[in-house]
Amino acid sequence: MGDPVYREKPQLHYAGDFTWNSMSGRSVRLRSVPIQSLSELERARLQEVAFYQLQQDCDLSCQITIPKDGQKRKKSLRKKLDSLGKEKNKDREFVPQAFGMPLSQVIANDRAYKLKQDLQRDEQKDASDFVASLLPFGNKRQNKELSSSNSSLSSTSETPNESTSPNTPEPAPRARRRGAMSVDSITDLDDNQSRLLEALQLSLPAEAQNKKEKARDKKLSLNPIYRQVPRLVDSCCQHLEKHGLQTVGIFRVGSSKKRVRQLREEFDRGVDVSLEEEHSVHDVAALLKEFLRDMPDPLLTRELYTAFINTLLLQPEEQLGTLQLLIYLLPPCNCDTLHRLLQFLAIVARHANDNISKDGQEVTGNKMTSLNLATIFGPNLLHKQKLSDKEFSVQSSARAEESTAIIAVVQKMIENYEALFMVPPDLQNEVLISLLETDPDVVDYLLRRKASQSSTSSVPPAAVQAQPQYPAGVFTP
């Protein structure tokens with residue numbers, strides 16, 4: 001394959017075999033990476049690439065759209081919850097922070113609460129540091145009264161700058177927050193008078209139809225975004241991984257409605273809930289199911305409901321690759337939360353059967369296979385808007401078939417979750433080519449970041465080069 005020539009950027013090109021040469025002349029070979037390691041901008045372009053491939057190469061016999069993140073429903077939903085809160089709670093200002101909220105809003109609430117905690121912690125630290133800084137100053141002032149005036153002047157002339165200024169923590173530099181090579185967005189590069197953006201501004205296309213896309217891209221980070229998983233989901237998964245893997249019938253055995261309601265209210269009020277060993281495994285399991293069930297939009301989104309179901313109509317060797325592309329279409333918060341949940345469910349499934357421990361003791365399995373887990377979680381993760389009672393009765397047979405299909409899709413996800421959330425080199429290559437058409441300097445930055453990550457990896461370069469590279473949908477040699 002000959003090297004394609006791009007306008008005004010001959011030193012940055014795709015060299016074939018998913019290898020790129022940066023402007024500095026460094027060769028960067030793409031390899032499969034977790035989707036969470038991609039920058040926010042790359043993930044947005046990956047959605048577009050996946051959408052195009054689904055349209056061109058996958059016959060799912062349905063219309064496919066890229067789901068929204070749920071923010072449009074936030075305002076009307078908040079109004080309804082406000083009215084409910086005023087009627088049912090003595091605290092009229094109470095608004096649920098977790099249950100029944102769009103996923104993106106739940107994560108925003110978690111971040112706001114964490115920021116508030118961090119600010120309070122910093123204020124307390126500043127106050128204690130300020131008091132501590134005054135103590136030596138007071139001792140020196142007493143010593144000054146006992147010493148001569150000349151020695152007093154000399155001894156205190158160097159102390160005020162140290163003693164009177166509190167030890168106020170400064171914002172962490174970008175190198176410490178996200179790694180040595182780090183920027184928040186293209187706009188942020190502009191604020192720092194970056195050479196990269198100066199070149200980028202010269203290369204911006206003048207076509208009017210691209211203005212909206214460019215405005216969006218300039219707001220997106222050029223670095224991996226923080227993992228977007230609700231605090232409640234992560235806390236429940238961690239607790240159950242630590243205390244519930246050997247619990248027979250986890251997610252099937254009943255729980256205490258009173259204790260679950262109490263935990264729910266605490267999370268809903270933004271309380272920093274700490275799930276400890278004394279919390280019942282069954283209560284925490286029920287809480288997790290309630291959260292997923294009460295989401296206004298299911299985790300796999302209504303827009304993609306039919307597409308996910310219709311993957312079962314494809315040939316077996318095509319199903320995983322198509323599921324992978326559909327997962328790429330999910331908003332980042334849905335994608336990250338789904339990954340965390342599937343990771344947890346896969347761990348539970350691995351402890352389903354009885355086994356013998358290292359010391360020869362028989363360990364009872366929890367009996368929750370991937371099929372059993374998919375049967376419980378499938379209807380909560382993948383469903384469409386309920387029809388009327390009349391329509392429901394007419395289509396009950398069809399709904400039974402759909403229920404079976406939902407279980408099969410979710411089971412396949414649990415059993416293959418690791419591969420589903422990897423991005424193969426060919427799709428990364430398509431993303432970079434898409435960016436190269438308009439933003440060659442951004443591509444150069446991303447390549448330098450990938451090269452920096454590879455050089456700091458514990459895997460030797462030779463081992464990385466030797467790893468087999470699978471196209472989308474191919475997960476085993």
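At distances below 3.5 Å, at least one donor-acceptor pair connects side-chain atoms of Gln319 with backbone N or O atoms of Leu314. Between the Glu430 side chain and the Leu427 main chain, no donor and acceptor come within less than 3.5 Å of each other. Side chain of Asn310 to main chain of Leu60: a donor-acceptor pair is present (N/O by atom type, distance under 3.5 Å, no hydrogens or angles). Between the side chain of Asp110 and the main chain of Arg231, a donor-acceptor pair closer than 3.5 Å is present. Judged by distance alone, the side chain of Asn334 and the main-chain N or O of Leu299 form a donor-acceptor pair under 3.5 Å. Side-chain N or O atoms of Asp268 include one that pairs as donor or acceptor with a backbone N or O of Gln97 at under 3.5 Å. The closest donor-acceptor contact from the side chain of Ser37 to the backbone of Val33 lies at 3.5 Å or more, if one exists at all. For Thr375 (side chain) and Leu371 (main-chain N/O), a donor-acceptor pair under 3.5 Å exists by modelled atom type. With hydrogens and angles ignored, the 3.5 Å screen pairs no side-chain donor or acceptor of Gln36 with any backbone N or O of Pro224. Using a distance-only test at 3.5 Å, with no hydrogens or angles considered, a donor-acceptor pair links the side chain of Gln324 to the main chain of Met422.
In this structure, Ser235 and Gln238 have side chains that are not in contact, with every pair of non-hydrogen atoms separated by 4.5 Å or more. Proximity of Phe267 to Leu287: side-chain heavy atoms (C-beta onward) are separated by under 4.5 Å at one or more points. At a threshold of 4.5 Å between non-hydrogen side-chain atoms, the residues Glu40 and Leu222 do not count as touching. Residues Leu245 and Leu240 form no side-chain contact, since every pair of their non-hydrogen atoms from C-beta on lies 4.5 Å or further apart. Inter-residue side-chain proximity for Val431 and Glu48 is flagged as unmet; no heavy-atom pair is nearer than 4.5 Å. Side-chain contact between Phe291 and Pro230: present, with at least one pair of heavy atoms (C-beta onward) separated by less than 4.5 Å. With a 4.5 Å cut-off on side-chain heavy atoms, Glu418 and Pro34 do not count as touching. Counting only heavy atoms from C-beta outward, the side chains of Tyr417 and Gln343 approach each other to under 4.5 Å.
Salt-bridge annotation for Lys384 and Glu402: present, with a side-chain N of the basic residue lying under 4.0 Å from a carboxylate O of the acidic one. With respect to Lys114 and Asp272, no salt bridge is recorded, no charged nitrogen being found less than 4.0 Å from a carboxylate O. A salt bridge does not link Lys242 with Glu276: every distance from a Lys NZ or Arg NE/NH1/NH2 to an Asp or Glu carboxylate oxygen is 4.0 Å or more. A salt bridge between Glu241 and Arg340 is present, with a side-chain N of the basic residue lying under 4.0 Å from a carboxylate O of the acidic one. The residues Asp234 and Arg227 are annotated as salt-bridged, a charged nitrogen and a carboxylate oxygen being separated by less than 4.0 angstrom.
Listed here is the closest heavy atom pair of Leu382 and Ile406: O-CD1, 3.3 Å. Residue Leu325 comes nearest to Cys58 through the heavy atom pair CD1-SG, 4.2 Å, listed as atom of the first residue, atom of the second, then distance. Gln55 approaches Ile64 most closely through the heavy-atom pair NE2-O, 3.9 Å. Among all heavy-atom pairs drawn from Ala408 and Leu312, the shortest one is CB-CD1, 3.9 Å. Minimum heavy-atom separation, Ser221 to Ser39: O-CB, 3.8 Å.
Under the salt bridge (charged side-chain N to carboxylate O under 4.0 Å, His left out) criterion, the residue pairs touching residues 284-293 are Arg264-Glu290, with sequence neighbours excluded.
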Passes ring pair (Phe, Tyr, Trp, His ring centres under 6.0 Å), Tyr328 versus Phe51? Steps please.
CA-CA 9 Å; Tyr328 295 159; Phe51 178 73; over 10 Å; no
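With sequence neighbours excluded, the residues that form a side-chain contact (heavy atoms from CB on, under 4.5 Å) with Tyr52 are Gln56. Considering only residues two or more places apart in sequence or on other chains, Pro67 meets the side-chain contact (heavy atoms from CB on, under 4.5 Å) condition with Thr301, Glu303, Leu304, Leu329, Pro331.
Remark: Leu341 CG to Asp336 CG distance equals 12.5 Å, nearest 0.5 Å.
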